[in-house]
Amino acid sequence: MSKVTYLTEVAHTVIDIEPGTSLMAAAVANAIDGIFGECGGNAMCATCHVFVEEGPFTALPPISDAEEEMLDCTAAPRRPNSRLSCQIPATSELDGLVVRIAEEQL
Amino acid sequence: MTDPRLAPTDRVVIIGAGHGGVQMAHSLRENGLQGPIVLLDQEAGLPYHRPPLSKSVLEASVAPEPPLLRAEAFYSSHEITVRRDTPAVRLDRHRRLVHLATGVPEPYDHVVLATGSRARSLPVPGIHLGGVAQVRTLSDAVALRALLVQPGQRVAVVGGGYIGLEVAAAASGLGHHVTVIEGAGRLLARSVSPEVSDCVLRFHADRGCRVELNSSVVAFTGDAGIVRAVELASGESVPADLVVVGVGGIANSELAVEAGLQCCEVTHGIVVDDWLRTGDTSVSAIGDCATFPSRFADGQIRLESVQNAVDQARYAAARLIHGSHEPYNKVPWFWTDQADLKVQSVGVARREESRVVLGSATSTEFSVLRFHHDFLVAVDSVNRPADHMAARRILSGGRRPTPAVARRPGFELKAFLLSA
C-alpha cells in the first residue's frame with residue numbers, strides 16, 4: 001500500500017492505495033472532489049488532471065505520447081508538474097506522493 | 001422555468017445504477033440535497049464502469065476485480081441507499097411509488113429514470129445455443145473472459161460497431177481466430193466517417209482478423225446445444241467455437257411506457273424536453289434511456305455513452321435543486337479503444353456533404369472534419385487525442401472552421417481554437 005495525499009483549495013485527503021490501482025481510480029472510488037476520470041482511465045478525457053507537488057518524483061512512470069497530447073488540452077493550463085492521475089498506478093515507491101487537483105477539469 | 005425545485009428534504013428514487021444513476025445520486029448530494037436518496041440497482045454487485053467490460057475485463061490474466069464506479073464506503077458516507085438486486089417493476093405516478101419485484105414499494109418526491117439500454121438480440125434460429133454470448137453486464141463480461149482463456153478458438157463477432165470491434169480486438173490479442181460479421185457496407189457505419197471505417201478495417205485485417213461486410217446472419221447452427229457455425233444470408237457458413245453478438249442497444253423504456261409517459265417511436269427512448277424533464281414534473285429521465293432535443297443533432301436524439309449519461313446526470317441534479325433556465329447543451333463525445341487504436345468522436349453527423357482529413361487517412365493518426373452545409377458538425381480522430389480535445393472545445397464554443405479554412409495548408413484544430 002502507498003499513501004498518497006490529494007490537495008484541493010479546501011481539503012487534504014490521504015488515501016492508502018493498493019499497488020496497481022491508479023491515482024485517478026483511487027480518488028474516484030473515495031469520492032475525492034475534483035477528479036472525474038470520465039473515460040475510466042484511458043487517457044482520453046483529461047478530467048483527472050493533477051499537479052505533483054511533493055514526494056518521490058523520480059518513481060513516477062514516464063509520460064506516454066497519449067498523455068503528453070492530452071496534457072496539452074487540459075481545462076486548467078498545463079504546468080511542468082502536470083500529470084493525468086489515471087496514468088499513474090500506485091507502487092510502493094510512490095509512498096508519500098502529494099498531488100494537487102487541478103481546479104478545472106471539464 | 002417555473003418548475004418547483006426539490007425541497008431540501010425531498011426523497012429521490014433513482015431507477016438504474018449505471019454511470020448516469022450513480023452520478024445523479026452523487027450530484028444531488030453535491031448540490032445540497034439532504035433528503036433520502038435511493039438507488040435501485042438490478043444487479044447484485046456494486047455499480048461499475050461499463051467501458052472496460054468489452055476491453056480490459058476480457059484481457060485480464062486473472063479473474064478481474066469489478067471496476068467499481070465508487071467505493072462501497074462512498075455510498076454510506078454520502079447517505080445513498082443502494083438497493084442491490086432490486087429491479088423496479090412499475091411506476092405509479094399517482095401515488096408516487098416505485099413498485100419493486102419484491103418487497104415494499106419505494107415512495108418518492110422525485111424519480112429519475114436512469115434505466116439505460118440493453119443489448120439488442122438477433123431474432124434468428126440458434127440464438128440461444130451455448131457459446132453465443134453478449135457483453136452488457138459485468139457477469140456477461142466475466143463469463144466471456146472465461147470462455148476466451150483457451151487460445152486458438154474460432155471467434156465470430158456479429159456486429160462491427162464499438163462493442164463488437166472492441167471484443168474482436170481483445171479476442172485477436174488473446175490469440176483467437178476472429179471473424180467480424182457486419183451488415184452494413186463499412187465498420188462503425190453509424191458512428192464515424194468512412195475514412196475512419198476504412199482505417200479500422202485495415203487495422204483489424206492487419207491483426208489477422210477477417211471482416212465480412214454487407215453480411216447478415218440468418219442462423220446459428222450447432223450440435224449438442226453448442227454453437228458451431230454462423231450461417232450468412234449469402235449461403236456461407238462461418239465456423240465458430242464462440243459467437244459474440246454486439247448489434248446495438250435498445251432503450252429500457254418499458255416502465256415509462258406503462259406509466260403513460262411519452263416515448264419516441266423511432267428511438268424508443270423516453271421523451272424529455274430541453275431540460276431533461278418528462279411530461280410529469282416529478283419524473284426526469286437521463287442517459288441511454290432518454291430521447292432529448294439536441295442542437296448538435298438538429299433534432300431529437302438518443303445517445304448511448306458514458307459522457308451523455310454523466311453530463312445529463314450532473315445537469316439534471318443541478319436543475320432539480322437550483323432551477324435552471326439554460327437547457328442541457330453538452331457536446332456529445334464518444335471513444336473506442338481497440339488494442340492500440342484510439343478512435344474519438346465529437347458531435348453528431350446525421351448528414352454531411354463534405355469532409356476534410358487532417359493528416360493521412362491511410363495512416364493510423366489522422367482526424368476527419370465532417371461538415372453539413374459547410375458547418376462543422378463532427379470530428380473523428382484516430383490516435384490524435386489533442387485534435388479531439390480541441391474539437392470538443394470548438395464544437396462547444398462559438399466559432400467553427402469552414403471547409404475552406406480547414407483545407408488551408410498547415411491547418412490545425414488546436415491553433416484554430418487558440419486563434420478563435
Side-chain angles (χ1 to χ4, degrees), chain A residues 1 4 6 8 10-11 13-49 63-78 82 84 86-87 89-90 101-102 104-106, chain B residues 19 22-23 25-26 29-30 46 48-53 55-57 65-78 80 305-311 314 330-331 333-337 340 342-345 365 381 383-393 396 413-414 417-418:
Chain A
M1 302 287 268
V4 174
Y6 296 77
T8 65
V10 292
T13 316
V14 184
I15 307 182
D16 251 333
I17 311 179
E18 284 197 40
T21 298
S22 77
L23 269 53
M24 179 281 288
V28 171
N30 288 278
I32 291 189
D33 286 340
I35 290 192
F36 297 97
E38 216 136 84
C39 75
N42 289 290
M44 291 236 189
C45 67
T47 62
C48 63
H49 180 195
I63 297 177
S64 69
D65 291 350
E67 183 181 353
E68 184 68 41
E69 282 205 43
M70 293 306 278
L71 282 171
D72 282 338
C73 315
T74 47
R78 181 178 187 172
S82 282
L84 296 183
C86 71
Q87 299 300 299
I101 299 169
E104 267 189 275
Q105 300 279 10
L106 302 170
Chain B
H19 290 262
V22 169
Q23 184 64 50
H26 192 173
R29 281 283 179 256
E30 279 184 325
L46 282 169
Y48 53 84
H49 284 272
R50 250 168 237 276
L53 302 184
K55 307 179 186 101
S56 56
V57 169
E65 288 290 317
L68 298 184
L69 282 169
R70 303 287 189 280
E72 186 159 18
F74 163 83
Y75 300 99
S76 48
S77 67
H78 286 69
I80 295 163
S305 75
V306 172
Q307 171 273 324
N308 183 61
V310 169
D311 277 341
R314 287 198 190 107
K330 290 287 184 190
V331 60
W333 56 270
F334 314 86
W335 85 88
T336 175
D337 217 353
D340 44 4
K342 280 178 199 286
V343 180
Q344 295 163 288
S345 299
E365 277 185 33
S381 300
N383 291 338
R384 299 245 292 210
D387 279 2
H388 171 71
M389 294 303 286
R392 269 164 59 180
R393 300 244 177 105
S396 302
L413 287 164
K414 203 170 146 196
L417 174 67
L418 295 174

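Per chain, numbering begins at 1; letters A, B, ... match sequence-line order. Values in this document were obtained by computation on a predicted structure and should not be read as measured data.
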Heavy-atom proximity to chain A below 4.5 Å, by part of L69(B): backbone
Among Q307(B), K342(B), H49(B), which residue forms the greatest number of heavy-atom pairs with chain A at distances under 4.5 Å? K342(B)
Given P52(B), A390(B), P385(B), the one with more heavy-atom pairs under 4.5 angstrom with chain A than any other is P385(B)
Atom pair SG (C45(A)) and CH2 (W333(B)), whose distance is rounded to the nearest 0.5 Å: 5.0 Å
K414(B) versus chain A, heavy atoms under 4.5 Å apart: side chain, backbone, both or neither? side chain
In terms of heavy-atom contacts, R392(B) and M44(A) come closest through NH1-O, 4.0 Å
So, the part of E72(B) with a heavy atom under 4.5 Å from chain A: the answer is neither
Between R314(B) and chain A, which part of the residue has a heavy atom less than 4.5 Å away: side chain, backbone, both or neither? side chain
Pairs of heavy atoms under 4.5 Å with chain A: top-ranked of R70(B), Q23(B), H78(B): R70(B)
Among residues 19-34 of chain A, residues within the sub-4.5 Å heavy-atom range of chain B, in order of number, are V28(A), A29(A), A31(A), D33(A)
Given a strict heavy-atom distance threshold of 4.5 Å, which part of R50(B) is in contact with chain A: side chain, backbone, both, or neither? neither
In terms of heavy-atom pairs under 4.5 Å with chain A, which of D337(B), D311(B), N383(B) leads? D337(B)
Using atom types as modelled, flag every donor-acceptor pair under 3.5 Å from a side chain in residues 67-77 of chain A to any protein atom, sequence neighbours excluded.
residue : atom : partner : partner atom : Å
E67(A)  : OE1  : R83(A)  : NH2          : 3.1
E67(A)  : OE2  : R83(A)  : NE           : 2.7
E67(A)  : OE2  : L84(A)  : N            : 3.0
E68(A)  : OE2  : R78(A)  : NH1          : 3.0
E68(A)  : OE2  : R78(A)  : NH2          : 3.2
E69(A)  : OE1  : A386(B) : N            : 3.0
D72(A)  : OD1  : R78(A)  : NH1          : 3.0
T74(A)  : OG1  : L71(A)  : O            : 3.3
T74(A)  : OG1  : A76(A)  : O            : 2.7

